Amino acid sequence: MVNTRAEAFAPATVANLGAGFDILGLAVEEPGDVVRAERRAEPGAVIVHIEGDNGRLPYEAGKNTACVAAGETLRLLGVRTGVTLTIYKHLPLASGLGSSAASAVAAAVAVNALYGAPLTYAELLPACVAGEAAVSGYHADNVAPCLFGGITLVTGTAADQIYALPVPPGIVLALVTPDITVPTAEARAVLPASVGLRQMVAQTAAVARLVDALHRQDIAALAAAMEGDVVVEAARAHLIPCLAEARAAAKQAGALGVVISGAGPTLCAVCDGEPAARAAGEAMQAVYKQAGINSAARQTHIAAAGARVLQVL
Ligand code: HSE
């Protein structure tokens with residue numbers, strides 16, 4: 001039987017986890033993007049409709065992350081026919097929640113499912129990385145957790161350079177997104193080209209503490225280690241309004257630590273349990289409200305699994 005349509009979901013991700021710039025990331029249960037792929041006789045991928053982006057995303061094949069990932073997946077599959085794509089954006093753009101990675105991953109998984117899913121997720125990774133690269137450069141710290149789920153250590157863009165780390169039970173995240181955009185390219189442009197030896201020692205120590213805390217399921221130590229970033233947050237803080245105030249308010253409300261999610265402006269509060277996450281989210285929103293900035297709060301868990309096929313018809 002030939003499938004005519006497949007739909008896949010891919011979750012939001014929190015990259016960096018503070019100290020682990022470009023090498024650590026995690027997948028959350030929700031929200032996520034959905035991409036529908038349908039067969040067409042002509043080769044290649046084309047986008048027929050995008051919903052939920054307020055007209056901001058490009059339809060051109062080479063500029064849209066989902067279209068690039070779908071085209072690469074078709075190439076890996078070695079098929080001569082093509083696909084049309086419908087993208088349902090549920091993630092805010094340029095918000096630090098891995099929006100471009102989610103669309104790329106959902107597209108790759110949907111196209112693979114359309115053709116009977118012959119490729120493993122590891123085999124789909126290069127297509128997803130190519131999609132992400134179309135908009136924000138060759139790094140897999142969003143793409144890898146989005147595809148595979150859980151918390152990932154990303155030491156390169158190949159599947160054998162990605163390691164699954166343990167997820168401590170009980171951890172709940174409060175994600176608060178102020179209503180401003182911080183394009184990843186801009187947030188990367190402000191980073192220092194080199195760091196001193198002292199900073200290098202402090203940063204590697206924080207990452208080591210972070211990985212150790214995950215293995216010991218110690219959420220408080222994890223949150224403290226995440227906040228041990230001495231390089232990236234300092235350079236980006238001016239791009240994130242009310243960072244210090246929001247962090248203080250979240251901690252006062254019970255959060256164990258607060259970091260910038262990805263390139264921002266979303267803030268991620270690490271909490272032990274749902275009541276603390278709810279209170280932390282409300283406290284951060286109150287800070288933004290006082291500053292006259294609208295914000296959206298989401299309380300979510302780390303997802304053990306990443307992208308998934310929703311339906312194949
Ligand atoms: N690690 C990246 C950054 C995440 O912080 O710039 C955004 O893709």
Side-chain angles (χ1 to χ4, degrees), residues 10-28 31-33 57 63-66 68-69 89 91-106 108 125 128-148 151-157 161-163 165 173 175 177-178 180-195 199 203-204 206-207 210-211 225-240 243 257-268 270 302 306-307:
T13 46
V14 175
N16 299 335
L17 311 189
F21 177 69
D22 271 2
I23 60 167
L24 290 170
L26 60 80
V28 299
D33 284 351
L57 288 175
K63 290 188 183 159
N64 184 293
T65 170
V68 172
K89 281 304 300 178
L91 298 189
L93 312 183
S95 66
L97 288 171
S99 167
S100 54
S103 291
V105 168
L125 182 66
C128 302
V129 171
E132 169 81 317
V135 292
S136 62
Y138 268 98
H139 46 94
D141 54 343
N142 287 111
V143 158
C146 184
L147 190 56
F148 300 116
I151 304 176
T152 51
L153 168 64
V154 178
T155 64
T157 54
Q161 294 171 309
I162 290 159
Y163 303 83
L165 295 172
L173 306 175
L175 303 173
T177 308
I180 57 160
T181 53
V182 176
T184 300
E186 195 181 315
R188 292 180 86 82
V190 300
L191 298 176
S194 60
V195 299
Q199 280 174 299
Q203 195 80 2
T204 50
V207 174
L210 194 164
V211 174
M226 287 167 71
E227 285 193 345
D229 165 30
V230 293
V231 176
V232 177
E233 184 182 305
R236 286 180 170 169
H238 68 283
L239 298 174
I240 319 285
L243 171 58
V258 175
V259 292
I260 301 169
S261 178
T266 296
L267 296 184
C268 172
V270 178
I302 299 173

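All values reported here derive from a predicted model rather than from experimental measurement. In listed order, ligands and their atoms are each counted from 1.
Looking at L173 and I302, their side chains come closer than 4.5 Å, going by heavy atoms from C-beta outward.
Without hydrogens or angle criteria, N142 side chain to G25 main chain gives no donor-acceptor distance under 3.5 Å. Checking side-chain atoms of S100 against main-chain N and O of E132 turns up no donor-acceptor pair under 3.5 Å. Here the side chain of T266 pairs a donor or acceptor atom with the backbone of S95 at under 3.5 angstrom. A donor-acceptor pair under 3.5 Å links the side-chain atoms of N16 to the main chain of G262, judged by distance alone. Judged by distance alone, with hydrogens and angles left aside, the side-chain atoms of Q203 form a donor-acceptor pair with the main-chain N or O of A19 at under 3.5 Å.
By the 3.5 Å distance cut-off applied to N or O atoms, D141 is counted among the residues near ligand 1.
Protein heavy atom nearest atom 3 (C) of ligand 1, with residue, atom name and distance: R188 NH1, 3.2 Å.
Atoms of ligand 1 found under 4.0 Å from any heavy atom of F21 (numbered from 1 in listed order, with element): 3 (C), 5 (O), 6 (O). Annotation for ligand 1: atoms under 4.0 Å from non-hydrogen atoms of G262 are 5 (O). Less than 4.0 angstrom separates some heavy atom of D22 from each of these atoms of ligand 1: 1 (N), 2 (C), 3 (C).
Contacts between N142 and ligand 1, counted as non-hydrogen atom pairs separated by less than 4.0 Å, involve the side chain only.
Contact between R236 and ligand 1 is present, with at least one heavy atom of the residue lying under 4.0 Å from the ligand. The shortest heavy-atom distance from A187 to ligand 1 is not under 4.0 Å.
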